Amino acid sequence: MRVFWFAGLLFLARWAHGSEYWNATELEAAYYGAGGGSPPLLVGLTLIQSAAAKGAVCLDGSLPGYHLHRGYGSGANSWVVNLEGGGWCNDIKSCVYRKRSHHGSSYSMEKQLQFTGILSNKPDENPDFYNWNRVKIRYCDGASFLGEGYNKAAGLYFRGQRIWLAAMEELMSIGMRYANQALLSGCSAGGLATILHCDEFRALFPGNTKVKCLADAGMFLDVVDVAGGHTMRSFFGGVVSLQGAWRNLPRTCTAHMDATSCFFPQNVIDNIRTPLFLVNAAYDVWQLQQSLAPKTADPHDNWGGCKMNHANCNGYQLQFLLGFRNQMLTAVKGFSMSRKNGLFINSCFAHCQSERQDTWFASNSPQLGSKRIATDVGDWFFDRGQVDAVDCAYPCDNTCHHIVFRGTH
């Protein structure tokens with residue numbers, strides 16, 4: 001078992017405004033900064049110049065962008081398209097705050113990003129996809145690339161769906177239209193976006209192109225919090241309503257359910273036609289922090305220690321979290337029965353495991369059935385075998401890389 005420490009001060013600074021806080025990129029930077037491996041590839045930012053004419057702009061009206069590292073050899077016509085994650089904004093206040101950050105404006109985006117995990121260019125770190133064209137599309141809308149609207153008073157452009165379309169058009173124009181195989185991926189809010197855009201991605205290509213989707217830490221569940229309320233449903237309801245995301249949700253869901261329900265992947269995954277692989281921690285620390293035991297549901301901070309470090313959880317709290325795990329397994333039961341789909345659910349206190357090198361493919365990466373996440377994803381994508389890997393309940397797995405927060409909760 002490996003414990004991954006993360007500074008509580010940064011966590012608090014981000015959490016003070018809406019749902020945006022630590023993400024996989026920041027965790028990865030901390031991992032390498034601590035001497036966790038050789039320096040990763042740095043890839044520059046490209047802005048989509050044609051986006052402005054389409055109104056496909058970030059929250060503040062700036063151009064969207066992406067980072068591309070070209071493939072070569074056997075991977076020259078293969079593509080991994082990764083959708084960046086980074087929370088959502090559900091009201092004017094949080095969206096105004098967000099538009100001043102790298103998740104709302106390309107003016108604030110890093111000019112270079114580390115490519116690690118599934119985006120790594122090293123065969124010993126990413127054996128199946130290292131020489132593919134690998135793209136990370138920056139996330140600057142706040143509704144998982146689904147919004148459509150504009151708030152003139154606050155100067156907020158809710159244009160996630162247009163950004164998605166402009167990015168796909170750009171990538172197709174620079175070579176993706178020749179792809180013989182393609183994988184759409186993303187973690188957290190990007191994992192949710194991957195699920196909701198999966199069939200749209202498939203539709204971009206001819207029928208003989210192998211196209212699949214990988215959603216990491218995107219299974220946000222519609223469950224009750226520790227006070228018996230519905231924190232996540234209320235939050236997602238604000239995102240869907242404010243940003244007009246209801247206009248672009250899968251019709252297979254909205255035909256018989258309300259729009260907020262259709263923003264939850266548990267109500268969508270069974271009807272996705274394209275092969276989909278789900279990677280998720282059964283004890284997702286993001287959902288523990290924000291959906292299950294947020295401060296609004298835990299005003300006396302009874303869950304504070306447990307949220308910071310799983311080792312501090314008492315028997316009642318672990319039983320509550322076991323119930324969350326069981327609800328996740330119930331949510332994917334029908335999905336997992338289709339042979340085209342894949343599943344890797346480990347009983348770790350983690351979040352986003354495909355973009356971090358230490359959890360994707362390293363000597364001590366998390367394993368299920370003696371196989372690492374990268375191995376299972378590769379076996380599924382290349383049809384080397386069916387993958388339906390589900391862990392036993394915590395604390396049975398000693399290969400986990402648990403995230404533990406330092407500082408004041």
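Remember, it's a predicted structure, so these values are computed and weren't measured experimentally.
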Heavy atoms of other groups near Y178 OH, more than 12 under 6.0 Å:
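For Y178, atom OH is not crowded (no more than 12 foreign heavy atoms under 6.0 Å).
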OH/Y72: more than 12 non-hydrogen atoms of other groups inside 6.0 Å
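Result for OH/Y72: enclosed.
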Does any part of the side chain of [Y], heavy atoms only, come nearer than 4.5 Å to the side chain of [X], both counted from C-beta?
X    : Y    : answer
S354 : V279 : no
F145 : I137 : yes
R134 : L68  : no
W286 : C352 : no
M109 : C58  : yes
F361 : N126 : no

Where is the tightest heavy-atom contact between D391 and R325, given as atom of each residue plus distance?
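It is O-NH2, 2.8 Å.
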If you compare all heavy atoms of I195 against all heavy atoms of P265, which two are closest, and at what distance to 0.1 Å?
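Heavy atoms only, the tightest pair is CD1-CB, 3.7 Å.
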Looking at [Y] and [X], is there a salt bridge between them, counting it only when a charged N and a carboxylate O are closer than 4.0 Å?
X    : Y    : value
D358 : R356 : yes
D199 : R251 : no
K307 : D298 : no
K136 : E84  : no
R162 : E169 : no
D379 : R384 : yes

Is [X] reaching over with its side chain to a backbone N or O of [Y], donor-acceptor style, under 3.5 angstrom?
X    : Y    : result
N341 : L276 : yes
H310 : C348 : no
N267 : S261 : yes
K212 : W380 : yes
S106 : L63  : yes
S144 : A189 : yes
D141 : F158 : no
D270 : F335 : yes
T399 : Q367 : yes

Quickly, which of Q243, E200, R247 forms a side chain to side chain donor-acceptor pair (under 3.5 Å) with Q161? Name it, please.
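Result: among Q243, E200, R247, E200 is the only option passing the side chain to side chain donor-acceptor pair (under 3.5 Å) with Q161.
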Applying the side chain to side chain donor-acceptor pair (under 3.5 Å) criterion to Q353, which one of N346, T359, N280 satisfies it?
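Looking at N346, T359, N280, the match for Q353 under the side chain to side chain donor-acceptor pair (under 3.5 Å) is N346.
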Using the benzene-type ring in the case of Trp, are the ring centres of [X] and [Y] under 6.0 Å apart?
X    : Y    : answer
W303 : F320 : yes
F349 : Y394 : yes
W132 : F381 : yes

Take R70 and I174, measure what side chain to side chain contact (heavy atoms under 4.5 Å, CB included) needs, and give me the verdict at the end.
CA-CA 11 Å; R70 288 284 187 178; I174 61 174; 3.7 Å; yes
Decide yes or no on side chain to side chain contact (heavy atoms under 4.5 Å, CB included) for H67 and Q112, but give the supporting numbers first.
CA-CA 8 Å; H67 303 252; Q112 291 183 314; 5.6 Å; no
Could you check whether the rings of Y157 and Y150 sit parallel, tilted or perpendicular, using 30° and 60° as the cut-offs?
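Correct class here is tilted.
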Under 30°, 30 to 60°, or over 60°: which ring-plane class applies to Y139 and H103, parallel, tilted or perpendicular?
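Tilted: the ring planes of Y139 and H103 meet at 30° to 60°.
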With side chain to side chain contact (heavy atoms under 4.5 Å, CB included) as the test, would you mind laying out the steps for L59 and R98 before giving the verdict?
CA-CA 8 Å; L59 279 172; R98 186 183 180 96; 3.5 Å; yes
Side chain to side chain contact (heavy atoms under 4.5 Å, CB included) for I373 and D216? Distances and angles first, verdict last.
CA-CA 11 Å; I373 296 171; D216 178 10; over 6 Å; no
